[in-house]
Novice: 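Sharing a structure here in structure tokens format.
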Number of protein chains: 2
Amino acid sequence: MGLVEMSDAGRRGNPRVTSFDVAERAGVSQSTVSRALSGSPSITSGTRERVLAAASELGYQVDHRASQLRTGKTATVAVVVLRRPDDTVHTSNPFYFELLGCICEAAASRDLDTLVSLQSEDGDLFGDYVGRGQADGTIVIGSATNSDAWAYFRELQDDDNNVVFWGSPFDDGRRVRSDNYAGGRLATRHLLDRGYRRIGFVGPIGTRHTQFVERYKGYCDELEKEGLKPVALPDYPDDDRVGQGRHAARELRQKEPEIQAFFAASDQLAFGVLQELQEAGVSIPDQIGVVGFDGMASGALCSPPLTTIAPDLREAAKLLLQGAIDRVEHPDERAPVKLVVRSSS
Amino acid sequence: MGLVEMSDAGRRGNPRVTSFDVAERAGVSQSTVSRALSGSPSITSGTRERVLAAASELGYQVDHRASQLRTGKTATVAVVVLRRPDDTVHTSNPFYFELLGCICEAAASRDLDTLVSLQSEDGDLFGDYVGRGQADGTIVIGSATNSDAWAYFRELQDDDNNVVFWGSPFDDGRRVRSDNYAGGRLATRHLLDRGYRRIGFVGPIGTRHTQFVERYKGYCDELEKEGLKPVALPDYPDDDRVGQGRHAARELRQKEPEIQAFFAASDQLAFGVLQELQEAGVSIPDQIGVVGFDGMASGALCSPPLTTIAPDLREAAKLLLQGAIDRVEHPDERAPVKLVVRSSS
DNA sequence: CTGAAAGCGCTTACAG
DNA sequence: CTGAAAGCGCTTACAG
């Protein structure tokens, strides 16, 4: 049958089925096809049905390149994931993959496509997907240690108002962050409530990563209420986060043999702390308690399962999209955090 | 200066800077701009430089919608990540995020963009990004339990030759898989070499997920060489993978009190096994050894760190791209696997 | 309610 | 080596 033949030909896609083919089959003009398919209210339901039938028989799909070119929109959000030059999938911080997943989800629920670009901060940086007509807005995530990378994306942000960061070393600009201060207090309060008094802080607070400083401040303020003093390390080795956690746990225990708990300012750091303590034969949470920060899925799998501060990543994704696509100007937007109690505290 | 003003206007992107603007500024025709920018060899180096200068002064970027529409190409690969209906970022299998990351990387190294779509297998399925002119090929990853989802994507695959699966329940079709059989043998051989003799298999081999069956077969064959018998469970509860692992470890130990090791056919299952054994006070690897499968990053973080079979995900990504973009017909393509020894065995 | 026509911004034969 | 022009497949004023 002709029907079947055309259907096959259409779906194989070469040559491309266009709205003119649908129009011919439905016995209407091409503009009517376009209107019927886009749900224009001016089209008669009878006409619409004939068009829909013809389109489905031919396996017709609107060409997004053409419609986007015509309308000037893309219905797409670009996500740049910044990575360290030597990152592989196995070493890169899984937190950003979790956040990426939430952005994809949030975008899908708004009928947006997601264009993902992993970029090494030392490689060729590119972020002007909007200028290229590939996206309506851009979200940059990832924790860059390379300031060239931040400089590049910051300039991009200055030129356009559709670029939003997750975390950035700058105090201005369009960005979304966790409520780090509240999280720091939450973690510390939890440890205090559990009876730990001498609590060490694990995290590089001398860096450009302001989230650590904010978490540290929450920790200090909560300790101060009890008249307790912070215990932290001034310097960190040039190691990965897990290694830094191990190192800090070791040093802090030497510095403060009476230490009873650690608040690690990221889950990756906390994993290092956990490893160090277990190798030292310390019982967790009996002798020493540990709380992390990030709410990573793998925290539930490690041993003991890690108590952590979990930012609401779905909310974060929603806010990022509002900034990038709706161009909402948030003054200093924060994703709420919550305490997830597991067995390490 | 005029220069600066135009530059600003251009970068702000409204109204859009086109190749006609660049042409005017460079004193050439629009077609010459296009040729110069695309690297056509017929352009004089002098002309090219003037065009490049004008383009950069205006902050000009080629509009991808227009160029793609004209050429019929997209330089984009679509990746569909299938998820269970109730999956959140925290419960979904991180393996697929690792694979997704590798695909993004491999695509970038081939100058392809990556369009990512997370889809719930019970929701609205869509995969015809090629038909829409949004991608040149499509990769479907994720482990669907819902056969409707597979049916949909299989039909898509039948209609076009640019859809490739990672793992699928079908015995035909275009797909890439791990070398599961070799991995099963590798894991089992490793446990035997370590001196474990009574080795249990953890994994649902009665399901449509053929990878478990293939791993099981490798396990059986390797045991047989030593005259040993397999120990496995016929049924699995309707739980998540970690829960299934816990359940299996418990049952298997009741069934075979002499059991000395477990080969868990996925890392998620292995995490459950680890949890169950630790709660039972079993010392790993002294009393019981454990090997997983998938090479997940979180395996290095759990306690004890998990010995596992790691598929070469970068190679897998390369093969998937060859199938989707280059339309290479692999008969039954396998990503190589290797043994990663950590402390659980 | 529907059609004919313009135009989104490119690439690429076709001329010269 | 460069230019004028056609055309990729749509959407949307503008008419009727």
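Quantities reported herein were computed from a predicted structural model and do not represent experimental measurements. Here is how names work: the chains are called A, B, and so on, in the same order as the sequence lines, proteins then strands, and each is numbered from 1.
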Novice: Under 4.0 Å, heavy atoms only, any strand: does Gln68(B) hit a base, just the sugar-phosphate, or nothing?
Specialist: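 The answer is nothing, as Gln68(B) stays clear of every strand by at least 4.0 Å.
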
Novice: Among dC1(C), dG9(C), dG3(D), which nucleotide sits nearest the side chain of Thr32(B)?
Specialist: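 Given the options dC1(C), dG9(C), dG3(D), the side chain of Thr32(B) is closest to dG3(D).
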
Novice: Between dG3(C) atom C1' and Glu24(A) atom CD, what is the distance in whole Å?
Specialist: 16 Å

Novice: Given dG3(D), dG9(C), dC8(C), which nucleotide is nearest the side-chain atoms of Arg16(B)?
Specialist: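 Selected nucleotide (nearest to the side chain): dG9(C).
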
Novice: When you measure from the side-chain N and O atoms of Thr44(B) to the phosphate of dT2(D), is any distance below 4.0 Å, counting only OP1 and OP2?
Specialist: yes

Novice: Quick one: on DNA chain D, does Ile43(B) or Leu69(A) contact a more 5' nucleotide (nearest heavy atom)?
Specialist: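 The answer here is Ile43(B).
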
Novice: In this structure, is the centre-to-centre distance between the rings of Phe165(A) and Trp150(A) below 6.0 Å?
Specialist: yes

Novice: Between C1' on dG9(C) and OH on Tyr60(B), what's the gap in Å once rounded to a whole number?
Specialist: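 Tyr60(B) atom OH is separated from dG9(C) atom C1' by 7 Å.
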
Novice: With a sphere of 6.0 Å drawn around CD of Glu315(A), does it hold more than 12 non-hydrogen atoms of other residues, nucleotides or ligands?
Specialist: yes

Novice: Between atom CD in Gln30(B) and atom P in dC1(D), what is the gap in whole Å?
Specialist: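 Roughly 20 Å, once rounded to whole Å.
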
Novice: Classify the side chain of Arg35(B) versus the base of dG3(D) as yes if they form a donor-acceptor pair under 3.5 Å and no if they do not.
Specialist: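 Answer yes: a donor N or O sits under 3.5 Å from an acceptor.
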
Novice: If you only use heavy atoms from C-beta on, which nucleotide in dC10(C), dT12(D), dC1(D) is closest to the side chain of Ser31(A)?
Specialist: dT12(D)

Novice: Whole angstroms only, please: what is the CZ-P distance between Arg70(B) and dG7(C)?
Specialist: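 It is 19 Å, rounded to the nearest whole Å.
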
Novice: Could you tell me whether the phosphate oxygens of dC8(D), OP1 or OP2, come under 4.0 Å of any side-chain nitrogen or oxygen in Thr71(B)?
Specialist: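 No, Thr71(B) has no side-chain N/O under 4.0 Å of OP1/OP2 on dC8(D).
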
Novice: Nearest 0.5 angstrom please: Arg83(A) CZ to Gln119(A) CD, how far?
Specialist: 11.0 Å

Novice: Rounded to the nearest angstrom, tell me the gap between atom CZ in Arg48(B) and atom P in dC1(D).
Specialist: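 After rounding, the reported distance stands at 10 Å.
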
Novice: Could you tell me whether Ser34(B) contacts a base, only the sugar-phosphate backbone, or nothing, with contacts defined as non-hydrogen atoms closer than 4.0 Å?
Specialist: base

Novice: Looking at Gln30(B), I'd like to know if its CD atom is crowded, meaning that more than 12 non-hydrogen atoms belonging to other residues, nucleotides or ligands lie closer than 6.0 Å.
Specialist: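 Buried by this count: over 12 neighbours within 6.0 Å.
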
Novice: Would you say Arg50(B)'s side chain and Ala26(B)'s backbone share a donor-acceptor pair under 3.5 angstrom?
Specialist: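 Yes; judged by distance alone, with no hydrogens or angles, the pair exists.
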
Novice: Please report, rounded to the nearest Å, how far the P atom of dC8(D) is from the CD atom of Gln134(B).
Specialist: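 For the pair Gln134(B) CD and dC8(D) P, the rounded distance is 21 Å.
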
Novice: Report the distance from atom CZ of Phe20(B) to atom P of dG3(D), rounded to the nearest whole Å.
Specialist: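 From Phe20(B) CZ to dG3(D) P: 12 Å.
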
Novice: Taking only side-chain N and O atoms of Ser29(A), does any of them lie within less than 4.0 angstrom of OP1 or OP2 on dT2(C)?
Specialist: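 Result: no.
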
Novice: Determine which nucleotide pairs with dC14(D), using a 3.5 Å limit on both distances of a Watson-Crick or G-U wobble pair.
Specialist: dG3(C)

Novice: Starting at the 5' end of DNA chain D and moving along, which residue's nearest nucleotide shows up first, Thr47(B) or Val33(A)?
Specialist: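 In this pair, the answer is Thr47(B).
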
